[in-house]
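Residue indices begin at 1 and follow the sequence shown. Each ligand, and each atom within it, is numbered from 1 in the order the structure gives.
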Amino acid sequence: MSGLPRCARCRRPETSASVVSALTPAQALSGLERILGAGGLLSGELPAADLEPYLNDQRRLYHGRALAIALPRTEVEVTGLLAFCNRHHIGVVPQGGNTGYCGGATPDESGRQIVVSLSRLNRIRRIDPLNYSIVAEAGCVLGQVQRAADEAQRLFPLSLGSEGTCQLGGNLSTNAGGVHVLRYGMMRDLVLGLEVALADGRLLSSLGTLRKDNTGYDVKSLFLGAEGTLGIITAASLKLFPKLKSFATAFAAVPGPRAAVALLARLREASGDSVSSFELIPRIAVDLTARHIPGVRDPLDAPHPWYVLCELTSARAADPLGDLLERSLAGGLEEKLVLDAAVARNERDRAAFWKLRETIPEAQRRDGGSLKHDISVPVTSIPDFIERGSRWIADNVPDGRLVAYGHVGDGNLHFNLNQAPGADRAAFLAREAPVKRAIHDLVRDFGGSFSAEHGIGRLKVGELERYAPPIELNLMRTIKRALDPNGILNPGKVLR
Ligand code: FAD
Ligand code: 2HG
Ligand code: ZN
């Protein structure tokens, strides 16, 4: 990658060879204005502060420029915009809530791409409680979809720390994970149908709500996790579940990851698979959140090396989940799988446990520079992976501290490092490449993935080239060429 041009501000290699349009910027803008109407396009005439939120990613890894920000109101406007951009070879970057971790929604530095914000396509089109399904537009904020389901006495189970901001289209396009995957699966598993604007301006309208439909290739699945490189998702039909009525939540100290994995297996058996979340949290994350996030405190009296936040849930109001959880934890105490535990007595306790967990990324950010690795290995291998990874970091990164936490029930860890107190931020961040290589190579040795739930975006294009089986990469490129022959859709993301 070293031979590629670098971004003037962040010095990262540019992966995007932007498509080049024969139109002048003024011609392109007036064509787009005709399609999107008054107020449908933000361009350089506005104060820079109005455009900035669309041009940076939330981790501040990338700083792009754009010819304009398009704000379509309907799927028809999205198709019109794509037909125009395809005809004139203008690169298009779909953007949802812009909470992605890999720079996928940020335009490149050329200033020739259009950012397409889906935020105005934000209607819940219909909800069918009997069919346990909902049809919602791509710009709906995830929390809005959850609330619509809740009001209909149903559950839409996808849940992420960013759910107040991220949008359905972004969730679908990153195949988001989060804290309920153990029970309900990833975003992909929750989809019944999609409506997608294709590069050439056609609309794939496949918003059926069937559970069973074996009619040829599963075309919609191509767009799930494609990060806007194969089409722009404008709406989706999704599965709903019975609304949850009982919860039992514990914050338990465990001697280490091995005990955590054993405890999870025991809880799943004992509860008839009612475990909906099982999150691993290291001591350092409790310290960081207590220090940086107002209102967070350690739920237990004495410090311990590791913790799990586990939650059992049921759609039956009278399910005795609390007793079951307490009995399992007591059994765990006897067998030394558990050292101590706090069980939520009310909704306030429960919210406090979850606040500690969900604010770990923010606490990491406030504490200084961090290097992030969104990895997964088989659940059984989690303890050995953590042991070997920790040893490597202790031996090789003296100015870093491991903050390894996450969705251990899915085998997914955020194997992150923060700069040690007093360390030089720039020198620590400069270690990114060798640290990433060592950790991702270790992940490969364990048969794991270097991107469990955050996707590829621009950040991990090189990693995909390094670790993906060549045949898979080749098939991906074939699909990309077939669906986007002019390369206008999110150029330089996922595939170079
Ligand atoms: P964006 O960031 O706007 O876009 C993401 C990608 O999707 C880009 O490539 C973009 O081009 C593409 N895209 C967006 N909309 C469309 C569309 N309509 N059609 C086609 N392509 C589109 N992620 C997890 O998986 N699990 C977590 O637990 C989790 N926790 C998080 C916690 C915090 C505090 C934060 C800040 C982020 C977290 N994330 C998590 C990451 C992020 O929220 C998810 O990746 C989310 O799905 C991104 O949605 P978005 O709307 O913000 O997408
Ligand atoms: C989470 O699980 C998110 O909190 C963010 O996926 C992880 O910041 C991270 O590394
Ligand atoms: Zn996560």
Side-chain angles (χ1 to χ4, degrees), residues 53-54 56-59 72 75 78 82 92-107 113 115-119 121-122 137-142 158-181 186-188 194-199 223-236 277 279-281 285 289 354 356-365 370-376 403-408 410 412-418 451-459 489-494:
Y54 299 97
N56 296 300
D57 69 303
Q58 60 95 13
R59 287 184 63 196
E75 67 281 8
V78 179
L82 285 183
V92 166
V93 182
Q95 191 173 95
N98 202 14
T99 66
Y101 261 69
C102 301
T106 309
Q113 298 182 333
V115 173
V116 180
S117 166
L118 278 298
S119 52
L121 273 84
N122 61 357
E137 293 184 345
C140 289
V141 170
L142 173 56
L158 191 79
S159 176
L160 326 175
S162 55
E163 63 199 25
T165 313
C166 65
Q167 297 175 8
L168 191 54
N171 302 148
L172 294 157
S173 302
T174 57
N175 184 27
V179 295
H180 290 156
V181 173
M186 306 270 291
M187 184 72 223
R188 179 186 295 284
L194 285 184
E195 180 184 87
V196 186
L198 302 179
F223 302 94
L224 302 170
E227 301 180 56
T229 61
L230 299 179
I232 297 188
I233 298 172
T234 51
S277 301
E279 299 283 311
L280 185 69
I281 300 172
T289 49
W354 275 111
L356 188 161
R357 163 61 186 92
E358 297 288 24
T359 54
I360 299 172
E362 177 60 15
Q364 270 206 284
R365 195 185 63 74
S370 48
L371 302 175
K372 302 209 167 206
H373 310 93
D374 166 37
I375 67 96
S376 65
V403 189
Y405 65 96
H407 323 291
V408 68
D410 316 320
N412 174 195
L413 289 175
H414 300 303
F415 205 74
N416 299 342
L417 283 82
N418 256 50
S451 182
E453 61 171 5
H454 293 160
I456 302 295
R458 180 165 161 186
L459 184 65
L489 286 169
N490 222 353
K493 313 292 168 51
V494 184

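- In terms of polar-atom proximity, Arg357 is counted as a contact of ligand 2, with an N or O under 3.5 Å from an N or O of the ligand.
- In this structure, Gln95 is part of the shell of residues with a heavy atom less than 4.0 angstrom from ligand 1.
- Here atom 3 (C) of ligand 2 lies nearest to His414 when heavy atoms of His373, Gln364, His414, Glu362 are compared.
- Taking each of Gly228, Ser117, Gly97, Gly100 in turn, the one with a heavy atom nearest to atom 2 (O) of ligand 1 proves to be Gly100.
- Taking 4.5 Å as the limit, every side-chain heavy atom of Asn56 sits out of range of all side-chain heavy atoms of Thr106.
- Within the structure, ligand 1 lacks Glu358 among the residues with a heavy atom less than 4.0 angstrom away.
- Ligand 1 has no nitrogen or oxygen under 3.5 angstrom from a nitrogen or oxygen of Tyr101.
- Look at Cys102 and you'll find every heavy atom at least 4.0 Å from all atoms of ligand 1.
- Protein heavy atom nearest atom 5 (C) of ligand 2, with residue, atom name and distance: Tyr101 OH, 3.3 Å.
- The two residues Val78 and Ala197 make their nearest non-hydrogen contact at CG1-CB, 3.6 Å.
- Put simply, the side chain of Glu137 gets close to the backbone of Asn122: a donor and an acceptor are under 3.5 Å apart.
- Set against the non-hydrogen atoms of Gly231, the atoms of ligand 1 under 4.0 Å away are 20 (C).
- The two residues Gln113 and Val93 make their nearest non-hydrogen contact at OE1-CG2, 3.3 Å.
- Assignment of Gly457 to the shell around ligand 1 is not supported, since no heavy atom sits closer than 4.0 Å.
- Contact atoms of ligand 1 toward Gln58: 36 (C) (distance under 4.0 Å to a heavy atom of the residue).
- Here the heavy atom of the protein found nearest to atom 10 (O) of ligand 2 is Asn416 ND2, 2.9 Å.
- Looking only at side-chain heavy atoms (C-beta outward), Val116 and Pro72 come within less than 4.5 Å of each other.
- In the candidate list Gly455, Ser173, Gly164, Ala452, Ser173 is nearest to atom 22 (C) of ligand 1, counting heavy atoms.
- Within the 4.5 Å cutoff, the side chain of Gln167 has no heavy atoms near those of the Cys140 side chain.
- Looking at heavy atoms from C-beta onward, Leu417 lies in side-chain contact with His373 at the 4.5 angstrom threshold.
- Atom 48 (C) of ligand 1 has as its closest protein heavy atom Thr99 OG1, 3.4 Å.
- Remark: ligand 1 and Val93 share no N or O pair separated by less than 3.5 Å (distance only, no angle test).
- Ranking protein heavy atoms by distance to atom 25 (O) of ligand 1, first place goes to Gly177 N, 2.9 Å.
- Using a 4.0 Å cut-off to heavy atoms of Glu227, the atoms of ligand 1 that qualify are 9 (O), 11 (O), 12 (C).
- The single protein non-hydrogen atom nearest to atom 46 (C) of ligand 1 is Asn171 ND2, 3.5 Å, given as residue, atom name and distance.
- Using a 4.5 Å heavy-atom cutoff, the side chains of His407 and Ser376 are not in contact.
- The backbone N or O of Ala452 lies less than 3.5 Å from no partner atom in the side chain of Asn412, so there is not a single donor-acceptor pair.
- For atom 18 (N) of ligand 1, the closest non-hydrogen atom of the protein is Ile233 O, 2.9 Å.
- In this structure, Thr359 OG1 and Trp354 CH2 are separated by 12.0 Å, a value rounded to the nearest 0.5 Å.
- When all heavy atoms are compared, the tightest approach of Arg458 to Pro107 is NH1-O, 4.4 Å.
- A distance of 4.0 Å separates CG of Asn175 from CE of Met186, quoted to the nearest 0.5 Å.
- For atom 32 (C) of ligand 1, the nearest non-hydrogen atom from the set Ser162, Gly406, Gly169 belongs to Ser162.
- At least one N or O atom of Pro94 sits closer than 3.5 Å to an N or O atom of ligand 1.
- At least one N or O atom of Gly96 sits closer than 3.5 Å to an N or O atom of ligand 1.
- Across the listed options Leu168, Thr174, Leu158, Leu230, Thr174 owns the non-hydrogen atom lying nearest to atom 6 (C) of ligand 1.
- Residues Tyr405 and Arg357 have side chains in contact (heavy-atom distance under 4.5 Å, counting atoms from C-beta outward).
- With rounding to the nearest 0.5 Å, the separation of CG in Leu160 from NE2 in His180 is 10.0 Å.
- When the heavy atoms of Ala235, Gly103, Gly104 are ranked by distance to atom 8 (C) of ligand 1, first place goes to Gly104.
- Closest to the Zn ion (ligand 3) among the N, O or S atoms of His407 is NE2.
- Counting the atoms of ligand 1 from 1 in the order shown, those under 4.0 Å from a heavy atom of Ala138 are 18 (N).
- Which parts of ligand 1 touch Asn490 is read off a 4.0 Å heavy-atom cut-off, strictly below it: atoms 9 (O), 11 (O).
- Per-residue contacts place Gly170 under 4.0 angstrom from the following atoms of ligand 1 (heavy atoms of the residue considered): 14 (C), 15 (N), 47 (O), 49 (O), 50 (P), 51 (O), 53 (O).
- Scanning the protein heavy atoms around atom 9 (C) of ligand 2, the nearest turns out to be Tyr405 OH, 3.1 Å.
- In summary, the atoms of ligand 1 found under 4.0 Å from a heavy atom of Ala176, numbered by their order in the structure, are 25 (O), 47 (O).
- Atoms of ligand 1 lying under 4.0 Å from any heavy atom of His407, numbered from 1 in the order shown and given with element: 28 (O).
- Counting only heavy atoms of the protein, atom 6 (O) of ligand 2 lies nearest to His454 NE2, 2.8 Å.
- For the atom pair OH of Tyr54 and OG of Ser119, the computed distance is 5.5 Å after rounding to the nearest 0.5 Å.
- Among heteroatoms of the N, O or S kind in Glu453, OE2 lies nearest the Zn ion (ligand 3).
- With respect to Asn418, the side chain to side chain donor-acceptor pair (under 3.5 Å) criterion is satisfied by exactly one of Arg365, Gln364, Lys372: Gln364.
- For the atom pair CG (Asn490) and CD (Glu227), the distance works out to 8.0 Å, reported to the nearest 0.5 Å.
- Checked by atom type, the side-chain pair Glu195/Thr234 shows a donor-acceptor distance below 3.5 Å.
- Side-chain contact between Ser370 and Val403: absent, with no pair of heavy atoms (C-beta onward) separated by less than 4.5 Å.
- The two atoms that bring Gly169 and Ser173 nearest to each other are O-OG, 2.7 Å, heavy atoms only.
- Atoms of ligand 2 found under 4.0 Å from any heavy atom of His407, numbered from 1 in the order shown, are 2 (O).
- Ligand 1 has a nitrogen or oxygen under 3.5 angstrom from a nitrogen or oxygen of Asn98.
- No N or O atom of Leu118 sits closer than 3.5 Å to an N or O atom of ligand 1.
- Within the 4.0 Å heavy-atom criterion, the part of His454 lying near ligand 1 is the side chain and not the backbone.
- The protein heavy-atom contact nearest to atom 28 (O) of ligand 1 is Gly178 CA, 3.4 Å.
- Put simply, CG on Leu142 and CG on Leu168 are 7.5 Å apart, with the number rounded to the nearest 0.5 Å.
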